Amino acid sequence: MSALPRAFYDRPVLDVAPELLGCVLAHGHTSGVIVETEAYHFTEPACHAFVGVTPRTAVLHGPPGTAYVYRSYGIHALFNAVCEPAGVAAAVLIRALEPLDGIPEMIARRGLTREEDLCSGPGKLTQALGIELHLNGGDLRTGPVRILAGEPRRYVAGPRIGITKATELPWRFSVAGSRFVSRPWPRP
DNA sequence: CATGGGATTGACT
DNA sequence: GTCAATCCCATGC
C-alpha cells in the first residue's frame, strides 16, 4: 500500500473528507481503516482557523498533507489531516478507525479488549495508535504518521458531533453500516 | 498576567 | 441521563 500524494489533500476539504474513508491511518506497528471523518474549513466558526493565524493554527494554514494534532479538554489528542492549498486553512478530523494491524498493542494502550471500542472515537484512536502532540506538523507521506491509499467506500453524511457552532452543516462522513463508528446513525 | 472554553471520554445516578 | 478530569492557548485587562 502506498501513501496518498500531496495532490490528494490539495483539494476542497469536502471532497477529501469522504474520500479518506477506506484509507489506512498508520503509526508504528499499529494501523486502522478510516471509517469516520469530519471536515473543517476556516470560513465557518467551528474551525480552529476561523480566528486567523495563531501559533495553534499555523499548521492548518500550512501545506496540505500534514498532521494537525491538538489537545482537547486537556486530556485527549485529536488527529487531523490538513487540506487545501497553503494559505487556505482546512482539515479533516479522523473520528474512527476499524483496527487493522497491531491490535494487541492497541489493547494494551487502551486497557480494553473489544475491537469495536479500540478506535471508535477521535480521542480513542490516538490513544490506541500512540499519537501524541509532538507529531503535530508531520508529513503524512514520509513522517511517523502516514495515511495510505485504500478502496472507496459507500458512505453517509450528517451533522458534526461535539461542537457548539455551525452545527447545521452536514460535514460528518462515515462508512455505511460500519460497526466501528464513534456514534450510531439514526435509522434510515 | 488571569481567565475561560473546548472537534472527549469514562464513570456514575 | 449527568458530570468531572485536565491543559493548551486565545483573549482581554
Side-chain angles (χ1 to χ4, degrees), chain A residues 9 12-14 16-18 20-21 25 27 30 32 34-62 64 66-84 88-99 106-138 140 145 147 155-175 178-186:
Chain A
Y9 303 98
V13 69
L14 288 179
V16 177
L20 277 173
L21 301 172
L25 178 65
H27 180 228
T30 57
I34 297 170
V35 297
E36 183 177 345
T37 61
E38 281 179 2
Y40 288 87
H41 193 266
F42 78 98
T43 52
E44 44 91 13
C47 183
H48 292 166
F50 186 70
V51 297
V53 183
T54 66
R56 182 195 202 189
T57 64
V59 170
L60 284 171
H61 290 82
T66 56
Y68 170 51
V69 186
Y70 73 97
R71 188 163 304 290
S72 175
Y73 292 92
I75 302 173
H76 308 285
L78 269 57
F79 174 86
N80 301 247
V82 175
C83 296
E84 309 222 7
V88 181
V92 176
L93 170 70
I94 308 300
R95 284 194 58 89
L97 306 176
E98 176 177 338
M106 294 186 191
I107 289 173
R109 288 188 178 126
R110 293 274 297 125
L112 298 167
T113 56
R114 290 182 69 239
E115 283 195 20
E116 297 91 331
D117 297 331
L118 293 178
C119 301
S120 57
K124 297 179 185 178
L125 69 90
T126 54
Q127 184 186 17
L129 270 60
I131 295 173
E132 254 303 333
L133 294 198
H134 64 92
L135 297 168
N136 187 40
L140 295 177
V145 179
I147 300 182
Y155 65 89
V156 291
R160 294 176 293 184
I161 291 176
I163 56 173
T164 58
K165 295 169 246 180
T167 55
E168 74 285 359
L169 299 174
W171 287 6
R172 175 192 179 208
F173 307 93
S174 66
V175 172
S178 173
R179 72 183 208 275
F180 296 94
V181 298
S182 65
R183 307 272 286 276
W185 288 81

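No experiment lies behind these values; they were computed from the predicted model shown.
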Original post:
Using the rule for Phe, Tyr, His and the six-membered ring of Trp, do Y40(A) and dA7(B) stack at under 5.5 Å and under 30°?
Top reply: yes
Original post:
Mind checking who dA7(B) pairs with, Watson-Crick or G-U wobble, both distances under 3.5 Å?
Top reply: none
Original post:
How long is the line joining CZ of R160(A) and P of dA7(B), in whole Å?
Top reply: 10 Å
Subject >> V51(A), nearest nucleotide to its side chain (from dT11(C), dT9(B), dA5(C)) >> reply: dT11(C)
**OP:** Among the candidates dT8(B), dG6(B), dA10(C), find the nucleotide nearest to the side-chain atoms of T164(A).
**Re:** dG6(B)
**OP:** Show your working on side-chain contact (heavy atoms from CB on, under 4.5 Å) between S182(A) and E38(A) and close with a plain yes or no.
**Re:** CA-CA 12 Å; S182(A) 65; E38(A) 281 179 2; over 6 Å; no
**OP:** Report the distance from atom CD of E132(A) to atom P of dC7(C), rounded to the nearest whole Å.
**Re:** 11 Å
Original post:
Could you give the CG-to-P distance, from D117(A) to dA11(B), as a whole number of Å?
Top reply: 11 Å
**OP:** Classify the nucleic acid contact of R172(A) as base, sugar-phosphate or nothing, counting any heavy atom under 4.0 Å across all strands shown.
**Re:** nothing
Original post:
Taking for each residue the nucleotide of DNA chain B bearing the nearest heavy atom, is the 5' side occupied by C47(A) or by Q127(A)?
Top reply: C47(A)
Subject >> Interatomic distance where NZ belongs to K124(A) and P belongs to dA11(B) [whole Å] >> reply: 11 Å
Original post:
With a non-hydrogen cut-off below 4.0 angstrom, is R95(A) in contact with a base, only sugar-phosphate, or nothing?
Top reply: sugar-phosphate
Original post:
Within less than 4.0 Å of OP1 or OP2 of dA7(B), is there a side-chain N or O belonging to S72(A)?
Top reply: no
Original post:
How long is the line joining CD of E36(A) and P of dA7(B), in whole Å?
Top reply: 16 Å
Subject >> side-chain hydrogen bond (donor to acceptor under 3.5 Å, both in side chains) partner of Q127(A), the single match among E132(A), H76(A), R110(A) >> reply: R110(A)
Subject >> Protein-nucleotide distance (F50(A), atom CZ; dG6(B), atom P), rounded to Å >> reply: 14 Å
**OP:** Report which part of the nucleic acid I163(A) touches: base, sugar-phosphate, or nothing (heavy-atom distance under 4.0 Å, all strands).
**Re:** sugar-phosphate
Subject >> Selected nucleotide, minimal atom distance to R71(A) side chain, candidates dA10(C), dA7(B), dC8(C) >> reply: dC8(C)
**OP:** Look only at the side chain of R160(A) and the backbone of A166(A), and say whether a donor-acceptor pair between them is shorter than 3.5 Å.
**Re:** yes
Original post:
Can you check the R183(A) CZ to dT9(B) C1' distance for me, whole Å?
Top reply: 11 Å
Subject >> Non-hydrogen side-chain atoms of E44(A) and W171(A) separated by less than 4.5 Å >> reply: yes
Original post:
Are R56(A) and dG5(B) close enough that a side-chain N or O sits under 4.0 Å from OP1 or OP2?
Top reply: no
Original post:
dA10(C) P sits how many Å from Y70(A) OH, rounded?
Top reply: 13 Å
Original post:
Under 4.5 Å between any side-chain heavy atoms of R56(A) and Y68(A), yes or no?
Top reply: yes
Subject >> Along DNA chain C (nearest heavy atom to each residue), the more 5'-positioned of L133(A) and I75(A) >> reply: I75(A)
